[in-house]
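Chain naming here is simple, since letters A, B, ... match the order of the sequence lines and numbering starts at 1 in each. As the structure is a computational prediction, the values presented were derived from the model and not from experiment.
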2 protein chains.
Amino acid sequence: MPTDARTTSRVRAADELKHAALEQFATVGFAGTSLQHIADEAGYAKSSVLYHFASKEALLEAAIEPAVEGFEDVLEVFLSARRSGRRGELVDRVVDLLLEHREAVHVFLTQGQSLSELPVIARANVAVRRLASAVCEERESVDDQVRFGIALGGAAFLLTAGRSFADESTLPSDDEMRDALRRIIAEILTPARTPSN
Amino acid sequence: MPTDARTTSRVRAADELKHAALEQFATVGFAGTSLQHIADEAGYAKSSVLYHFASKEALLEAAIEPAVEGFEDVLEVFLSARRSGRRGELVDRVVDLLLEHREAVHVFLTQGQSLSELPVIARANVAVRRLASAVCEERESVDDQVRFGIALGGAAFLLTAGRSFADESTLPSDDEMRDALRRIIAEILTPARTPSN
DNA sequence: GCAGACTCTGACCGATCGGTCAATTAGCGT
DNA sequence: ACGCTAATTGACCGATCGGTCAGAGTCTGC
């Protein structure tokens, strides 16, 4: 085995397979994606997929684990530095993560129910609940829950499935999208601060 | 054949099958749902499903067609009565439809890309584009697109997958949800009217 | 150049997929 | 009670599913 960390064949193949798998999982669903199709997309044989990953479930776990870890890290930083950490910063970083891991987020949000037995999905569930608490700051009214849910689900939808509605070449760049998302999501989570609770 | 319109066996069975199918399509995806499982859920044999519907695709079409028709009707009424029709009313009626047809909306929004060859999905695509135009009123800035996408996708997420985050019995009733959605979505689509375009 | 590990693949397995079909059962007009 | 139609079903089909396995190809340290 090469002691050098430079892209060994193993790492490169595994990355290609994870990328191809995530794309399929996000578009046709986990159950609707076949190992054969993932292998074809990545340019390998079906057997090779099961050489790098013990099972279809293990492949999904490996594919979305980086996204979950990213959210856990951001959340940890925000919760530990309770003083300096402003809520606006948290929103900005979460938006960055949504853009970076859009496919993984989409898979989790739209199929998390049917995949709840997978450990990494359970981890993501915990992270989302903690994120909701951090964002809503102890106020757990129905309004706050709705605002959080719309912001999260809406952003995830916009970044994946919603792209099919953008007419041809009108779809905004990632930078435009990041800017708009940061502003609008912050606005959604911070209502006009009406005197009522 | 009974001349009476009172629930003939045919209609009742077809309804049960459509309902069971829609639930599965929304949770595990169209490709991930088997006719066998739909039949089991509804209490029929797999052959019976294919007696009532020509194919798996035909079953999906029949199951989400009422939702598409509902959206087309609301849109038609709004666009024809251009004078009296206020935008707030449109939002209210769309929210009602989202609540009534939440599973169909979820299927369309999360799997519309991979099902775009089905005629009813194409119809729904047209309807959504027209809805976006009606809601954004000719202003098609990136911000407006993002606001519309977040509102639509967020509401759909909240009404289906998002339910798994509500702790136990804390999840709000449909009436609470309808109320919150109407207010918050109207607020999202009508930003603080900053002087900038 | 040889040995041993690493990577990749085709052949194969039982199970399940969507779909067809002939036969059986249930329901209704007469 | 009879006969016709509509409703339902089990047996069956080829294809594909996730997964196993033994072997071929490839690379590296010595």
Test A:Lys46 against A:Asp40 for salt bridge (Lys or Arg N to Asp or Glu O under 4.0 Å), laying out the working first.
CA-CA 8 Å; A:Lys46 187 179 67 167; A:Asp40 290 347; over 6 Å; no

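Atom CD in A:Gln24 sits roughly 15 Å away from atom C1' in D:dC17 (whole-Å rounding). At whole-Å resolution of the value, NE2 in A:His52 and P in C:dC6 are 13 Å apart. Atom CG of B:Leu17 and atom P of D:dA7 are 12 Å apart (whole Å). Separating the OH atom of B:Tyr44 from the C1' atom of D:dT9 is a distance of 13 Å, rounded to the nearest angstrom. When the C1' atom of D:dA15 is taken as reference, atom NE2 of A:His37 falls 16 Å away, rounded to whole Å. The interatomic distance linking B:Arg10 (CZ) with C:dA26 (C1') rounds to 14 Å, in whole Å.
When the nucleotides D:dA6, C:dG10, C:dC6 are ranked by their closest atom to the side chain of A:Ala45, C:dG10 comes out on top.
Of the charged side-chain nitrogens involved, at least one lies within less than 4.0 Å of a carboxylate oxygen, so that A:Arg130 and A:Glu76 count as a salt-bridged pair. Salt-bridge check for B:Glu65 with B:Lys18: failed, with every basic side-chain N at 4.0 Å or more from each acidic carboxylate O. Remark: B:Asp15 does not engage B:Arg12 in a salt bridge, criterion side-chain N to carboxylate O under 4.0 Å.
Using a 4.0 Å cut-off, no side-chain N or O of A:Tyr51 falls inside it from OP1 or OP2 of C:dC8.
You'll find the side chain of A:Arg93 reaches within 4.5 Å of the side chain of A:Val77, heavy atoms only. Within the 4.5 Å cutoff, the side chain of B:Leu97 has heavy atoms near those of the B:Glu100 side chain.
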Tabulate atom names and distances for all N/O pairs under 3.5 angstrom spanning the protein and nucleotides 18-21 of chain D.
residue : atom : partner : partner atom : Å
D:dG18  : OP1  : A:Thr33 : O            : 3.0
D:dG18  : OP1  : A:Lys56 : NZ           : 2.9
D:dG18  : OP2  : A:Leu35 : N            : 2.8
D:dG18  : N7   : A:Lys46 : NZ           : 3.1
D:dG18  : O6   : A:Lys46 : NZ           : 3.4
D:dG19  : OP2  : A:Lys56 : N            : 2.8
D:dG19  : O6   : A:Lys46 : NZ           : 2.8

